[in-house]
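Lettering of chains follows the sequences in order, A, B, ..., and the numbering in each one begins at 1.
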Amino acid sequence: MKKVFVFSLLMMVVLSVLLAGCSTETAAAPDATEEITIAVAAPLSGDYAQYGNAFRRATELKAEEINAAGGILGKELKLTFLDDRNDAREATNVAQRLVGDKKVLGVIGHFSSTASLAASSVYEEGGLVQLSPTTSHPDFTKQGQYMFRNINTQAVEAPIAADMVVNLMDKKRIAVIYINNDWGITARDHFVEAAEALGGEIVAEETFIGGQTQDFTSTLTSIHSKNPDIIFLGTFYAETGMIAQQMKQLGYDYPLAGLSSLYNEELIKLAGDAVEGLYMTSNFFPGDERPAAKEFVDKFRDAHGQVPNQFAAVAYESLGMLAGAIETAGEDRAAIRNELAKIADYEGVTGSITFSKDRDVIKEMSIIKIQNGEFVIAQ
Amino acid sequence: MKLLEVNNLTMAFGGLKAVNNISFHMEEGEIISLIGPNGAGKTTFFNMLTGIYIPTEGSIVFNGKNITGTAPEKIIKEGIARTFQNIRLFPHMTVLENVLVGMHSRSHNGLFHSLFRTKKFYQEEKRNAYKAKELLATVNLADKCNEYAKNLAYGQQRRLEIVRALAAQPKLLLLDEPAAGMNPQETEALMKYIRGLKDKGATILLIEHDMKLVMKISDRIYVLDHGVKIAEGLSKDIQNNQDVIEAYLGKGA
Amino acid sequence: MFFQQIINGITLGSIYALTAVGYTMVFGILELVNFSHGSVYMFGAFLCLTLMTALGLGFFPAFIISIVITGMLGIVIDRLALLPLRRKNAPKVASLISTIGISIFLQNLVMVMWGSETKNFPLALNLGHIQFNSFRISYLQMIILLTSLILMMGLTLLVKKTKIGKAMRATAQNMEAAKLMGINVNLIITFTFFLGAALATVAGVMVGMYYQSVDPMMGFMAGLKAFAAAVLGGIGVLPGAILGGLIIGVSETLAAGYIHSGYRDAIAFAILIAVLLIKPTGLLGQKVQKKV
Amino acid sequence: METTVEHVNKKKKIIKRRSMIYVGVLAGLLIIPLLSLNNFTMRMVIMAGTYMILAMSLNLITGYTGQLSLGHAAFYAIGAYTSAILSMRFGWSFLITAPAAALMAALVALLLGIPTLKLQGAYLAIVTLGFSEIVRIVALNWMGLTRGPMGIPGIARPEVLGYRIASNTQYYYLILALVIITYMSLYRIINSRLGRAFIAIREDDLAAQSMGVDILKYKILSFTIAAFFAGLAGSFYAHYVTYIDPQSFTFNESIQVLSMVVLGGMGSMPGAIIGSVILTWAPEMLRFLEDYRMIMYGAILIVMMPIRPQGILGGIRFKLDKEEENQHEAVGSE
């Protein structure tokens, strides 16, 4: 009989865990609360936590501003942050939680394609806006009608970078190092295509696994044997620091160029004069003189003691657009989606934003470079 | 007919010859004891017979077939089963299951029959469980069927190990110090049990230190020392053999 | 280019070797697959960095203090997480899960304390390099290789010649017997953990300095590679760890240089598997005689 | 001695009680969706179900056969990719892709197992770990087959006998069926000659070998069967989340499943189930801790292990197992 008891105990544990799970969530219908809830879903722990934290700092700042200006529809804007650890499975859990929580009117997130694409089917089914500030995977907005992004896909950015390398910098023999993820691969594809069309020659293509590879010496040595004019980087700042350092240690002296992903004050600290003269495209640049950008940079610096990067910038304006859509549409998820889709010429910190009919954006980009240990406008 | 014939068997570990050029034979139905001081190479000899060690030289012919270097899991199919000096039961399996594992080589249920619980599966399981229980009854362990092996008393574990080996229906049973650690009453019972096996026609090769036991039940005795066979013969011959006395007690005894 | 690639490989290999020496030490004594080693390595590097930047200590004082503190962290880990398991005679896998818990705990703790960004680690020992015709070697690279060799020899002496070393070997061979011989097994194991954590810090700081950057996830891959190198060389064999590290480093580098940079780790692991199929107990590991 | 009549009565009683428990549990599981749980809870239950399959199958290798595998995610990934690719390229339905995925994973495990399973302990652990890294890296780089890091989006939802599975309730019944199939199969394997051979290898491989168990063969068999079910779980995952990429099958996934097995209790099927439920839910339950969530998760693992080193249900043997044996005896002695 004892074992039967254990078995029923087991079932009870299972059931009580399930029920406890229900109670963690308010399944109640939206009542006339005094709050408007928007969720921010991003990696707040794990390898990618720094990007999620950029989202958090920027959206908190924006929410404060909105509330200081009277909130949305006269109600207070409340943000709820959910950690997805940049893990596909956890992102879908988060999505399901948010879709089921009727108070949540829209979601800013997720950070990377792994998370955004895995979660998208849940958002689409639940009819909840998923506005990702950073997901550049070409398939993302094809997942459904509720997916939006606030970043140029590489179809837009990489050709600008190719033009920068081939025409502005006048380098023809190009070696490419790209991170082996969806972003890096799309960047490489579009860059290579555009560069070749402009008369450039790709002499080497090398890849690595982000967060796993620290040693680039063998890659750089191979590239050196191909005798390029320039190394183009489809990478993020952390690896770029190491690539530049190791290049210097090996005694190679190639000009470097990259994409907006490299923008981070930490890069100059990491690599010092090894990145001097690096050119890159930029969505957002703190030295930008436009008032919207200037104001954002100042406020961010006051609040967090550091200069915002592009991830913070796009998250900041994403929240602004979503809040605006709610203001017009009211507290109805489908209406919010329709309003958001209509947004045109929104004055964001990265410039003027208009959603295309596929809910993608096309933004202007500038070219910046590192000069005397500082990012400056190159063009 | 000769059941087992061992010719010039040698086992070297590096430079050390643990067993050196031993020849040996057994008839069906015999009980033979292998004695000698610690480190004489007795267990190494067992390990070669059961395929755990591959002999450096020499051959083992069992039942007319050369089985030198055959893997342990195949040796038992040839008909040699053993027990271990330091008991090696499956501690977290029940007594019954231990015996059922002993029947592994004599049973056939594979993935298909197990998965689909065919008629054949139940027949074999029932037959095996019945046989196992019969065997356990012979050593007074029938009521311990569902105990974990690790929870048995020491003497019970020794008996269970013998039964596990018998479950494979071996033609030759190797017992490695079955009486070690037993009290006189238990040893006495063990002796009766081994005799009973012999009466049923079993052939047994025994390593044992308990001389009383050895002398009472052995048909013949082989004596090893430092890997070399120093004597063989009937019990009373061995008792009076000068070399054997020296090996056990040291020179000048 | 080939010479340069070999140099690159040896440098990467000596980084692995440096991490693996400490790993194999604990591994050899406890036969514990230890997933906390990588996170202790990362913790040590962050601690040293903080001592340098926040307290303004010089490199060497910061280095030594962080070795001692992290060593004590090793003791805490053993006493809090692993000793209770040993007391209960828990299966090895239970300890493995505990070390995973420790590694998750430490990584996230560091992230909360120091943030998740990659941080610059100052190049405190900038000693320049020697230029040969077609390749160059920096002094730091040589120091890393030398450090791992010195540590290996020092540890070998410690294990072979000192009293505590003998006790360590006895514990490794047979914990029960060691206890009966009057060895305070738990003290020996705690000491081993202290040493393991201290060695992890040496590696973490040197590697942080070599790459001039540290981040909270840096220990993960380093831990796996150290594990791989230690197993490849033969568990618990100190020179084996060096050899294993060098082989993995060189094969990875050559794979990236001549085959495909995307497959570098895959090729390194494939070589590891192939070697183990030929030498099932690692390159320098002793073949275990079955005890019957 | 009991009389035959008593035997038969006892046997009937046992069977009756046993079937009552089964019916009760099954009824309980079947009505879960009727409790009108929200979609989030349903999703978590479904995810826990996926992990139950993974944990039960890893338990066969690590818990029952005693071989430490750190690469279970490899077979999970192979299953997911096989299923996704067959479904995308050829439009095959779930009823075909799922068994195909499971067989593919089993086949790869067989090919890997034949040369490597003679290795022991940590040596085997690093080989399985290395293999799972190789699988992930190949998935990352073999663009033509897997689309690399772009992943495979839009995987078709399963269709079972003309019935399209789309809602969480429908997925629940699908995963319930798969969990029951896995449980039944593994239960039957463990409580048979095969299972006894596996456990004997874990308990004492030399003694097992001396009793006629071909250790290598049975280790390979255990490994292959486990991979089969991991592949099945992968297939379900692909058709449930409808997007897979190599990031979803990292080493952490293997570790997660191993933690479930060890926490629940090695060598206990209900243990693996409990372990999967707890560790699937724990990160969600700890959300209120915000930044300290994963710190707490690590701390829980550290604290839990010494409390019950053998796992929550490790070492507890359910009477059901033993009854089956008794029943054989009873019948046998009639």
Side-chain angles (χ1 to χ4, degrees), chain A residues 43-54 85 177-180 184-185 204-226 236-246 248-252 264-272 274 306 309, chain C residues 1-9 11-13 15-16 104 107-108 111-112 115-123 128-129 131 134-138 140-141 207-208 210-218 220-222 224-225 249-250 252-258 260-266:
Chain A
L44 298 170
S45 66
D47 310 25
Y48 293 82
Q50 50 180 306
Y51 303 109
N53 282 322
R85 286 193 285 154
I177 301 179
Y178 62 97
I179 186 167
N180 199 349
I185 285 182
E205 286 181 28
E206 297 287 344
T207 187
F208 66 95
I209 300 176
Q212 182 165 332
T213 306
Q214 285 194 310
D215 175 81
F216 293 91
T217 52
S218 64
T219 299
L220 289 166
T221 305
S222 304
I223 285 177
H224 179 63
S225 72
K226 305 280 171 48
F236 288 80
Y237 81 90
E239 320 57 272
T240 305
M242 288 189 244
I243 292 171
Q245 283 288 5
Q246 290 171 28
K248 195 178 140 205
Q249 268 177 21
L250 287 165
Y252 306 150
N264 192 312
E265 293 292 334
E266 202 69 32
L267 173 64
I268 296 170
K269 286 189 209 146
L270 285 175
Q306 61 177 176
N309 56 19
Chain C
M1 166 173 155
F2 182 73
F3 281 113
Q4 185 64 55
Q5 290 293 32
I6 292 290
I7 299 286
N8 294 340
T11 306
L12 183 62
I15 286 169
Y16 293 156
I104 295 176
Q107 259 168 31
N108 287 281
M111 230 174 258
V112 169
S116 48
E117 280 95 359
T118 304
K119 293 199 169 38
N120 171 45
F121 196 103
L123 185 61
H129 56 82
Q131 179 78 47
S134 60
F135 58 94
R136 64 158 72 173
I137 305 172
S138 81
L140 187 58
Q141 290 174 342
V207 175
Y210 178 68
Y211 290 129
Q212 293 173 49
S213 68
V214 291
D215 72 277
M217 302 307 292
M218 70 187 268
F220 179 71
M221 252 299 143
L224 286 193
K225 290 281 167 68
V250 171
E252 198 183 311
T253 304
L254 293 182
Y258 294 97
H260 189 292
S261 46
Y263 282 103
R264 59 187 294 163
D265 288 330

Contact origin within C:E117 toward chain A - heavy atom pairs under 4.5 Å
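Both backbone and side chain.
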Residue part contacting chain A, namely of C:Y210, when any heavy atom lies under 4.5 Å
both
As an exercise: rank C:Q107, C:H260, C:R264, C:E252 by heavy-atom pairs under 4.5 Å with chain A and give me the winner.
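Option with the top pair count is C:R264.
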Option in C:Q212, C:Q4, C:K225, C:H129 with maximal non-hydrogen atom pairs under 4.5 Å from chain A
C:Q212
When rounded to the nearest 0.5 angstrom, what distance separates [atom1] in [X] from [atom2] in [Y]?
{"X": "C:F121", "Y": "C:M218", "atom1": "CZ", "atom2": "CE", "result": "8.5 Å"}
{"X": "C:T253", "Y": "A:D215", "atom1": "OG1", "atom2": "CG", "result": "5.5 Å"}
{"X": "A:E239", "Y": "A:L267", "atom1": "CD", "atom2": "CG", "result": "10.5 Å"}
{"X": "A:L220", "Y": "A:M242", "atom1": "CG", "atom2": "CE", "result": "12.5 Å"}

Measure distances from [X] to the heavy atoms of chain C and classify the residue's part below 4.5 Å as side chain, backbone, both or neither.
{"X": "A:Y252", "value": "side chain"}
{"X": "A:Q214", "value": "both"}
{"X": "A:N53", "value": "side chain"}

Relative to chain C, which of A:E205, A:Q249, A:H224 shows the most heavy atom pairs under 4.5 Å?
A:Q249
Taking A:Q212, A:E206, A:K269 one by one, which has the highest count of heavy-atom pairs under 4.5 Å against chain C?
A:Q212
Output all residues satisfying side-chain contact (heavy atoms from CB on, under 4.5 Å) with C:I137, sequence neighbours left out; order by chain, then residue number.
C:I7, C:F132, C:F135, C:Q141, C:M142
Flag if over 12 foreign heavy atoms under 6.0 Å of CZ, C:F3:
no
Any non-hydrogen side-chain atom of A:Y237 less than 4.5 Å from a side-chain atom of A:Q50?
yes
